[in-house]
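The figures that follow rest on heavy atoms only: side chains count, while hydrogens, waters and symmetry mates do not. Protein chains get the first letters and strands the later ones, always in sequence-line order, with residue 1 at the start of each.
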Amino acid sequence: EDQRLTEETLEGYLLQYGYLQKPLEGADDFRLEDITEALRAFQEASELPVSGQMDDDTRARMKQPRCGLEDPFNQKTLK
Amino acid sequence: YLLLGRWRKKHLTYRILNLPSTLSPSRAQAALRQAFKYWSSVAPLTFREVKAGWADIRLSFHGRQSPYCSNTFDGPGKVLAHADIPELGSVHFDKDEFWTEGTYQGVNLRIIAAHEVGHALGLGHSRYTQALMAPVYAGYQPYFRLHPDDVAGIQALYGKKSPETEDEEEEISTMSPVTTKPSPMPNPCNSELDAMMLGPRGKTYAFKGDYVWTVTDSGPGPLFRVSALWEGLPGNLDAAVYSPRTGWTHFFKGNKVWRYVGFKMSPGFPMKLNRVEPNLDAALYWPVNKKVFLFKGSGYWQWDELASTDFSRYPKPIKALFTGVPDQPSAAMSWQDGQVYFSKGKDYWRLNQQLRVAKGYPRNITHWMHCRPQTADTNSFTGDTTPPTTDTILDTTPSTVDSFLD
């Protein structure tokens with residue numbers, strides 16, 4: 001449950017701030033590679049080690065207070 | 001930086017629709033107003049606050065539910081604020097945040113407001129984690145200034161600020177800085193002043209070294225180079241005095257005196273001082289007899305600007321007229337409250353209408369500057385701190401000299 005909750009929080013954050021984008025058609029679930037790519041973009045923009053994996057630093061960064069607008073750091077979603 | 005849009009005009013209005021509960025109204029308003037000044041000081045933008053009716057940019061606070069905003073907030077932490085891009089103009093803050101000013105506690109309203117105003121002007125999030133436009137709040141910074149990426153972004157949208165684009169109606173603090181390597185900047189909250197004066201339009205100025213700042217009830221304003229406001233004026237002044245009677249502002253340094261009307265130097269100045277001693281300590285205008293007083297050491301000169309003054313019986317002892325005032329004051333001024341103020345070192349004295357030092361003085365000048373680091377807001381005027389923002393502006397060289405006071 002905890003693992004699932006973390007995944008949902010992660011996807012929610014990446015989606016809310018423009019690192020992930022819901023596909024216009026097809027299933028709602030994200031492919032793992034999309035999530036990994038989005039997480040890498042977030043880690044790079046946050047000057048964290050870019051692993052594509054959730055770690056403590058990434059989690060801590062995602063908890064920091066911030067602006068509600070999206071980030072333009074995932075080139076694919078920005079396009 | 002990322003550009004998201006742009007206003008087709010450069011003179012914008014803004015309106016503060018409501019305020020947070022964790023800051024006094026004056027404190028919160030000062031923080032929000034300052035947020036605009038960061039941008040108008042680096043780009044040819046002007047912002048005029050309106051108290052009613054329509055405004056281009058509208059700032060408001062709402063919580064989880066808002067009839068006016070589809071983006072709800074989420075309580076303390078997480079999302080702090082959001083804004084629409086041009087030309088929509090809405091800027092919203094999460095009212096459930098602990099909004100503060102001048103302290104590391106809570107979330108600094110001024111910095112977040114400056115970030116959101118950046119969005120309202122068309123900037124997206126910056127890749128530089130230390131930039132104002134970075135998406136994540138980097139915490140309170142006492143000497144906050146815009147990051148070069150922020151400046152590059154706003155100037156990509158609206159161009160650079162140049163003297164020609166200045167508008168007389170503009171607030172002084174929006175004057176244009178050009179970033180050079182700053183000489184050491186004084187800390188307004190614990191510097192011995194060179195001079196102070198109640199200037200035109202009731203603004204209180206404090207001078208130290210190459211810099212000048214305004215003193216308001218919410219603390220020191222941003223630092224500017226003296227020459228950025230009064231072109232041609234050097235730093236490290238001896239004295240400064242504004243006379244409402246003549247509209248003249250006089251600055252004294254060494255054996256020279258500069259005269260300005262507003263911020264324009266009068267023709268023929270600077271001139272040489274020759275009937276009072278050089279290297280004055282302080283000067284003030286006393287509205288009771290409409291004369292200017294010049295101070296040096298233990299003596300003073302009383303000068304009638306509009307008549308030829310007989311200085312043969314001067315200097316007279318300071319103590320003969322100003323009871324309880326120390327010799328060699330570093331600055332002096334009459335203020336809006338009808339009292340006279342002298343400062344020396346880190347102390348200041350207040351004198352009543354009878355020019356007698358009031359009980360309980362001297363006090364520490366940080367009190368007068370409304371500086372009190374590290375505390376949450378208290379009521380305005382008992383002192384809190386808005387550490388200065390730091391803008392640095394080009395310097396200019398002094399011009400030729402004639403003689404004065406004849």
Side-chain angles (χ1 to χ4, degrees), chain A residues 2-22 24 28 30 34-79, chain B residues 1-5 62 64 66 69-85 88 90-94 96-100 106-109 111-120 122-140 153:
Chain A
D2 200 23
Q3 174 66 28
R4 199 173 63 73
L5 189 62
T6 306
E7 279 169 11
E8 276 178 10
T9 310
L10 170 63
E11 282 180 22
Y13 186 97
L14 295 173
L15 185 63
Q16 179 175 359
Y17 298 113
Y19 293 91
L20 262 183
Q21 201 164 35
K22 267 214 177 32
L24 290 179
D28 260 357
F30 295 103
D34 286 334
I35 293 176
T36 306
E37 185 184 354
L39 192 52
R40 290 173 66 85
F42 174 77
Q43 286 168 333
E44 188 184 355
S46 306
E47 296 172 359
L48 295 171
V50 180
S51 63
Q53 300 304 314
M54 194 59 156
D55 55 38
D56 287 345
D57 287 340
T58 305
R59 191 172 290 111
R61 182 71 171 173
M62 285 186 170
K63 282 185 179 155
Q64 282 187 306
R66 58 160 292 157
C67 171
L69 267 64
E70 291 186 353
D71 300 340
F73 303 143
N74 183 339
Q75 289 307 315
K76 197 163 85 172
T77 53
L78 179 62
K79 273 198 196 65
Chain B
Y1 57 81
L2 175 69
L3 307 181
L4 300 177
H62 69 76
R64 291 173 189 279
S66 163
C69 176
S70 57
N71 280 329
T72 57
F73 284 122
D74 48 19
K78 298 188 280 291
V79 177
L80 301 173
H82 51 229
D84 288 331
I85 56 174
L88 296 171
S90 295
V91 175
H92 296 166
F93 303 90
D94 185 348
D96 295 326
E97 302 297 343
F98 179 41
W99 296 107
T100 58
V107 178
N108 185 268
L109 177 59
I111 293 175
I112 298 300
H115 174 102
E116 298 306 326
V117 169
H119 285 319
L123 287 180
H125 282 153
S126 165
R127 270 211 85 101
Y128 291 92
T129 54
Q130 290 309 305
L132 170 64
M133 295 311 295
V136 172
Y137 175 48
Y140 170 67

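- Rounding to the nearest 0.5 Å places CD of A/Gln64 at 13.5 Å from NZ of B/Lys78.
- Here A/Arg66 contributes atom CZ and B/His82 contributes atom NE2; the two are 13.0 Å apart, rounded to the nearest 0.5 Å.
- Within the 4.5 angstrom heavy-atom criterion, no atom of B/Glu97 approaches chain A.
- By the ring-ring contact (aromatic ring centres under 6.0 Å, His included) test, A/Tyr13 pairs with A/Tyr17, A/Phe42, sequence neighbours left out.
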Candidate pair B/Arg127 and A/Phe73, rule side-chain contact (heavy atoms from CB on, under 4.5 Å), full reasoning: CA-CA 7 Å; B/Arg127 270 211 85 101; A/Phe73 303 143; 3.6 Å; yes

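- Atom CG of B/Leu2 is separated from atom CD of A/Glu70 by 11.0 Å, given to the nearest 0.5 angstrom.
- Around CD of B/Gln130, the count of heavy atoms belonging to other residues, nucleotides or ligands within 6.0 Å does not exceed 12.
- The distance from the CG atom of B/Leu123 to the CG atom of A/Leu69 is 11.5 Å, given to the nearest 0.5 Å.
- For A/Glu44, the parts lying under 4.5 angstrom from a heavy atom of chain B are both the backbone and the side chain.
- Highest contact tally toward chain A, considering only B/Ala81, B/Gly77, B/Gly124, is held by B/Ala81 [criterion: heavy-atom pairs under 4.5 Å].
- Applying the side chain to side chain donor-acceptor pair (under 3.5 Å) rule to A/Thr36 yields no partners; only residues at least two apart in sequence or on another chain are considered.
- Annotation for A/Asp71 and B/Pro135: closest pair OD1-CB, 3.2 Å, computed over non-hydrogen atoms.
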